[in-house]
Amino acid sequence: MRMTPTESAYAPAGSLHGKVALITGSTSGIGLGIAHAFAQAGTRLVLNGLGPADEMERLRAGIEEQYGAQVLYSAADMSSPSSIEQMIGMTRETFGRIDILVNNAGIQHVAPLESFPVEKWDLILAINLSSAFHTTRLALKSMRENGWGRIINVASAHGLVASPFKSAYVAAKHAIVGLTKVTALEAAEDGVTCNAICPGYVYTPLVEAQIEGQAAAHNLPRERVVREVLLAQQPNKRFATVEQMGAIAVFLAGEGAASITGAALPADGGWTAH
Ligand code: NAD
């Protein structure tokens, strides 16, 4: 075993060149930011998300052209285990491997417990939690075979602390932090790491919808909603960016992060330091 640092040990993302990264929910927001970051680091990509076919193709071809990366698109619905199975199958057929799995797809619904729609609870648990169980159980084989893999779960500060009216979301995000730890333990000896990123508020369409919803609910202008409602718990009073989330994911996938596993990494402007 080498005891002194080598120049190559500091190469940040070069090691990712040619690897295959599958990112769920990567046609918008954080997932799309992570997709750009991996394409820039030289990986091949599987994009996934819901949307009109022509828009999805424009997105896929755009990333392919911008970075010269090979990009596949899957329309798999993350609430459907059979659809997830098809996506993983298509990835293995096309690329022969999966090296990096980012479980990012997620939705939100805000309502008090007593009136929380039961079908929303089921859907949030399916998309925000169970989809990660299915992708992980199906992708691990390929990673173990190669003796290398990275699983990155996009959880949330709500995987560490709670807020009212987000019962399903907070339950799913706490649970995915638990799944992250179990995956890390089971895969540790095979060169596979599993970590969760726990963002505070990141400016994306999901957050924009919340600003609009809260502004209507509280009858407040959007600047006050942003500062006093959404970022009330976030000490830096600033939204994070999708580019920052991409940089964290690339770091976790790199060799420098090889011994980080089972961690839930806050990226929340100090929210969970309270
Ligand atoms: P977004 O709405 O911008 O993007 C969500 C993505 O998921 C889209 O690509 C959408 O097509 C896809 N998606 C939704 N339902 C799907 C389904 N059934 N099957 C397949 N794809 C589906 O959201 P975002 O803000 O980028 O959030 C991404 C992840 O980050 C979520 O898990 C969210 O909980 C988490 N997160 C977001 C924030 C934030 O402030 N934006 C903070 C913490 C955690």
Report yes or no: do [X] and [Y] form a side-chain donor-acceptor pair below 3.5 Å?
X: Gln234; Y: Tyr201; answer: no
X: Asn103; Y: Thr135; answer: yes
X: Asn153; Y: Thr180; answer: yes

Would you check if the side chain of [X] reaches a backbone N or O of [Y] as a donor-acceptor pair within less than 3.5 Å?
X: Arg150; Y: Ile100; answer: no
X: Asn219; Y: Ala215; answer: no
X: Asn195; Y: Ala263; answer: yes
X: Thr43; Y: Leu45; answer: no
X: Asp268; Y: Pro199; answer: no
X: Ser83; Y: Ala76; answer: no
X: Thr24; Y: Asn104; answer: yes
X: Glu64; Y: Val71; answer: yes
X: Gln244; Y: Thr241; answer: yes
X: His174; Y: Ala171; answer: no

Membership question, hydrophobic clusters at under 4.5 Å side-chain separation (ILVMFWY): are Trp148 and Val20 in the same one?
no

Answer yes or no for Arg92 and Phe95: cation-pi contact, defined as NZ/CZ to six-membered ring centre under 6.0 Å and angle to ring axis within 45°.
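No, Arg92 does not sit over the ring of Phe95.
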
In Å, rounded to the nearest 0.5 Å, how long is the span from [atom1] of [X] to [atom2] of [Y]?
X: Ile176; Y: His158; atom1: CD1; atom2: NE2; result: 15.5 Å
X: Met90; Y: Leu22; atom1: CE; atom2: CG; result: 8.0 Å
X: Gln210; Y: Thr204; atom1: CD; atom2: OG1; result: 8.0 Å
X: Ile127; Y: Ile107; atom1: CD1; atom2: CD1; result: 4.0 Å
X: Ser74; Y: Arg60; atom1: OG; atom2: CZ; result: 12.5 Å
X: Glu65; Y: Ile63; atom1: CD; atom2: CD1; result: 11.5 Å

Contact between Ser167 and Trp121 at the side-chain level, heavy atoms closer than 4.5 Å - yes or no?
yes

Going by salt bridge (Lys or Arg N to Asp or Glu O under 4.0 Å), name the pairs with one or both residues in residues 159-186, residues two or more places apart or in two chains.
none

side-chain hydrogen bond (donor to acceptor under 3.5 Å, both in side chains), that's the test. Do Glu208 and Tyr203 meet it? Break it down for me.
CA-CA 7 Å; Glu208 180 55 37; Tyr203 188 70; 2.6 Å; yes

